[in-house]
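Following: one structure in structure tokens, then a few remarks.
When a residue number appears, it is its place in the shown sequence, counting from 1. Values below: every heavy atom of this structure, side chains too, minus hydrogens, waters and symmetry copies.
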Amino acid sequence: MNPHSLLASAGINIGLAIILISVFSVLKKQPSNSSIYYARTLSRRQNLPLHSRRFLPSVSWVSRAFRLTEDQILSNHGLDALVILRLFKFGIKFFSVCSLVGLVVLLPINYGEKEPSDNSYYTTDLFTISNVSRGSERLWVHFSCLCFISFYGMYLLYKEFDDILIQRIQQLQNIKHRPDQFTIIVREIPFCTEHQARDCSVDHFFSKHYPSTYYSHQMVYGTQDLQELVNQAKSLARQIEDSKETSMAKKPKNKLPLLDALQQETSKVDLLEEKLQALCHTIPKMQCKDMIKKKELPAAFVTFKSRSGAATAAELQQHSHPLLWITEKAPEPRDVSWRNLRISYRAVPLYRLGVLIAASLLTVFFAIPVTAVQGIAKYEKLKKWFPPAMVMQLIPGVSSILTGYLPSVVLKVFIYIVPFAMFAMAKVSGCISKSKEEIKACNMVFYFLVGNVFFLSVLSGSLLDEIGLFLSHPKDLPSHLARAVAAQADFFVTYILTDGLSGFSLELLQPGLLIWDTLRSCTRGYQREQNPYLYSLPYFRIIPLVSLSVLIGIVYAVVAPLLLPFLIVYFCLGYVVYINQIQDVYETTYETCGQYWPYIHHYILLAIILMQITMIGIFGLKSKPAASIASIPLLLFTLMFNEYCKMRFLPSFHHYSLKDAVENDELDENSGQLMFHYENAFNAYCPPGLRPVNFTASESSSTPLVSP
């Protein structure tokens, strides 16, 4: 890629970002858009900020990102939301130092190694390690920078892990009253032939083996049909309310059409109310004990009288047969995936195998657009194999846009659907909690992106570069291959620009919701301010995409330091954008107390290992075997560091300390709150279909007809 294409990509992305952010700052001030840009604020019934100069762009929302403290994020949104912001802050701290090293040390060495030829003035390869001569002593500077970046990255990772662990312990202390600290989930409960149920088996088993700590249990039932009836009733209640609002909004000039319209709306409301009344009679009948007993599942939530009792029971094997009485710590009530509790524990491996096959097929099919994108990016080489492409040169500037901006946009469009597809697969993988589903989706999306976006982009781009050279000079393939891999940095610069500037700007603007809200308000007389578009914070989309950018930056930190300043802009903009989204748009629907960070740590450490392996190969191709051999101990040290972090931090993220449980029990017992907490824990795990639901008429349009 020549500098003109890179400048075209930068110019287009910067221009789009300025336009989109300016439009966002204006639309955010309009009260009619509060359901989109203040969804979280509206859902909590908080007052909206008053804006002056509503039709002038402003950056007042940016300054809030620098005023907000981590303690405020932790108390208002939880540690999981803070982990997202800590990932961006890690990128800022890490790549700021790496940029300083790269621009001050590596860039002059790369540029000054060879005398540029006539053609090299039109390529950015002058600033990469490709420009360093084979066997040059200057490669030892690259080796020194590799060691410095590796050790600095590991230092930051250790520090972040330690800080987040401290915050996790504090957060667990702050939420010590949560029901999940007193509750475990039991699966594969044997059937009691005497009573023809599993309910009595649970009570008998835990009363016998945990006589002093067992309190009670809540069986899980297959109430999906009952839940569908409840959802239908809620939908009918909303339709009744919408119909009443629509009839009040219609004000024809003539009285006769007004009477006809009111009669039609009244008859429609009467019909809907009859259906709702019928459901109100059906649902209680299906919720009775005799009907529910037939839908009993081999799973239950067991509540204990103490946190220590629950922690002990969750960790022990309850039966000599490992597939009976399987226990684990229960997720918090709002985090439970009730749908997956219907899946037998023994069938879970089959579901996971199916998800693995589906994800593999998606990965294979996705290779087609990635290869096509690289064909567009390598326009100069593509012309030799596809002569009709030369027609693009007849239009001034088109080839620069074609090779600099279009490939990253096309790739970004294809990537956009991947997290949602993977999340849908994770939902049917048998996880018992929504957080585990989202964590599994994060892993699937990240490895998909590493395989398809990173490795396949490098390989397909290198293939187009090297196929002709290999046919003419097969002995020179290793050196040319090293140059081609380094040359892919240009493509990743455009990818970072598109994902950062355009991607984060579109995240702010929410164009999809804007269009949908406009259409809905025009067709249904919908009142925007009363129905906020409140969605859960999409960890499955944010973490893998940002981690991929971290990986790209780390792998290319020594190879192509020109990429690093773009990453600083990427992480700074991302930090500001997601401060705004977390504060005003997204809701945290569950709290895992930082369970996402061990996976982020793993992703970043994998990037450091890939950087070291890449440099070992490049040193070898550059005829510097001593540097390759010297890099091997660095790789081994990184692997040892990974194992140490697993021993030092992971147990505290996977288990609840018995010491902390006992101390919290003693505090509650001294204050007289222990019984209240475990009784509340028992009531918190009632299945959705069995929860009491009231269907009442609403006098005000702002009050929902259905309230759980």
Side-chain angles (χ1 to χ4, degrees), residues 39-41 43-44 61-96 156-176 178 180 331-332 334-335 433-436 438-439 441-442 446 504 507-508 534-547 549-550 570-605 645 649-650 652-654 656 660:
R40 184 176 181 274
T41 307
S43 69
R44 293 173 175 263
W61 59 276
V62 176
S63 60
R64 182 174 58 173
F66 302 99
R67 296 195 305 267
L68 206 62
T69 65
E70 287 193 354
D71 290 336
Q72 290 174 313
I73 292 290
L74 190 62
S75 60
N76 295 329
H77 308 278
L79 186 55
D80 292 337
L82 181 60
V83 160
I84 296 285
L85 301 178
R86 291 294 289 259
L87 174 58
F88 284 104
K89 292 177 76 172
F90 174 90
I92 295 170
K93 290 185 287 187
F94 180 75
F95 289 110
S96 295
L156 282 184
L157 280 176
Y158 185 88
K159 188 173 181 298
E160 289 291 324
F161 221 150
D162 190 53
D163 290 346
I164 289 175
L165 177 58
I166 293 172
Q167 291 174 325
R168 171 178 167 81
I169 294 172
Q170 293 174 345
Q171 185 75 348
L172 286 172
Q173 184 67 23
N174 294 335
I175 59 173
K176 62 182 181 180
R178 271 196 345 191
D180 57 292
E332 62 169 316
R334 58 181 179 166
D335 190 24
S433 65
K434 299 172 185 176
S435 58
K436 288 184 178 179
E438 205 153 359
I439 288 172
C442 282
F446 176 75
F504 289 147
E507 169 66 32
L508 277 174
L534 188 64
Y535 296 98
S536 173
L537 186 62
Y539 302 99
F540 69 95
R541 183 165 57 88
I542 302 170
I543 292 176
L545 290 171
V546 177
S547 298
S549 298
V550 174
Y570 174 92
F571 286 103
C572 288
L573 181 59
Y575 179 78
V576 172
V577 166
Y578 278 101
I579 282 280
N580 178 82
Q581 301 301 86
I582 289 171
Q583 279 285 92
D584 295 334
V585 179
Y586 294 123
E587 181 64 284
T588 50
T589 55
Y590 57 79
E591 173 64 23
T592 68
C593 297
Q595 289 283 3
Y596 286 94
W597 186 258
Y599 297 92
I600 295 174
H601 173 93
H602 173 73
Y603 302 155
I604 298 174
L605 201 61
C645 287
F649 298 113
L650 282 187
S652 298
F653 280 83
H654 292 163
Y656 184 45
D660 294 336

Apply the test side-chain contact (heavy atoms from CB on, under 4.5 Å) to residues F649 and D162: give CA-CA distance (whole Å), side-chain angles for both, the deciding distance (0.1 Å), then the verdict. CA-CA 8 Å; F649 298 113; D162 190 53; 3.9 Å; yes
Using 4.0 Å as the upper bound for N to carboxylate O, is an ion pair formed by K89 and E160? no
Over all atoms of both residues, closest heavy-atom pair of [X] and [Y]:
X    : Y    : answer
S536 : T589 : OG-OG1, 3.2 Å
A441 : F540 : CB-CB, 3.9 Å
V83  : G594 : CG2-CA, 4.1 Å
I175 : C593 : CD1-SG, 3.5 Å
L87  : I600 : CD1-CG2, 3.6 Å
L534 : V585 : CD1-O, 3.5 Å

Rounded to the nearest 0.5 Å, how far does [atom2] of [Y] lie from [atom1] of [X]?
X    : Y    : atom1 : atom2 : result
R86  : D163 : CZ    : CG    : 5.0 Å
S435 : R334 : OG    : CZ    : 10.5 Å
L74  : L79  : CG    : CG    : 6.0 Å
Y578 : L537 : OH    : CG    : 8.0 Å
T588 : I73  : OG1   : CD1   : 10.0 Å
F94  : L157 : CZ    : CG    : 8.0 Å

In terms of the angle between their ring planes, are F504 and Y570 parallel, tilted or perpendicular, with boundaries placed at 30° and 60°? tilted
Specify whether F571 and F95 have parallel, tilted or perpendicular ring planes, treating 30° as the upper limit for parallel and 60° as the lower limit for perpendicular. parallel
Would a distance-only check, ignoring hydrogens and angles, find a side-chain to backbone donor-acceptor pair under 3.5 Å from [X] to [Y]?
X    : Y    : result
D335 : K434 : yes
S43  : R40  : yes
R168 : F653 : yes
N174 : Q170 : yes
E332 : E591 : yes

Out of Q167, Q72, H77, which one pairs with L82 under the side chain to side chain contact (heavy atoms under 4.5 Å, CB included) rule? Q167
Among Y596, W597, Y586, find the one that has a ring-ring contact (aromatic ring centres under 6.0 Å, His included) with Y539. Y596
side-chain contact (heavy atoms from CB on, under 4.5 Å) evaluation trace for I582 with L85: CA-CA 10 Å; I582 289 171; L85 301 178; 4.0 Å; yes
Applying side-chain contact (heavy atoms from CB on, under 4.5 Å), run through Y603 and V550 and close with a yes or a no. CA-CA 9 Å; Y603 302 155; V550 174; over 6 Å; no
Where do Q581 and L508 land on the side-chain contact (heavy atoms from CB on, under 4.5 Å) test, with the steps shown first? CA-CA 7 Å; Q581 301 301 86; L508 277 174; 3.8 Å; yes
Non-hydrogen side-chain atoms of W61 and I579 separated by less than 4.5 Å: no
With a 4.5 Å heavy-atom cut-off, do S652 and I169 have their side chains touching?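 The answer is no; the side chains never approach within 4.5 Å.
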For Y599, does the OH atom have more than 12 heavy-atom neighbours from other residues, nucleotides or ligands under 6.0 Å away?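 No, not enclosed.
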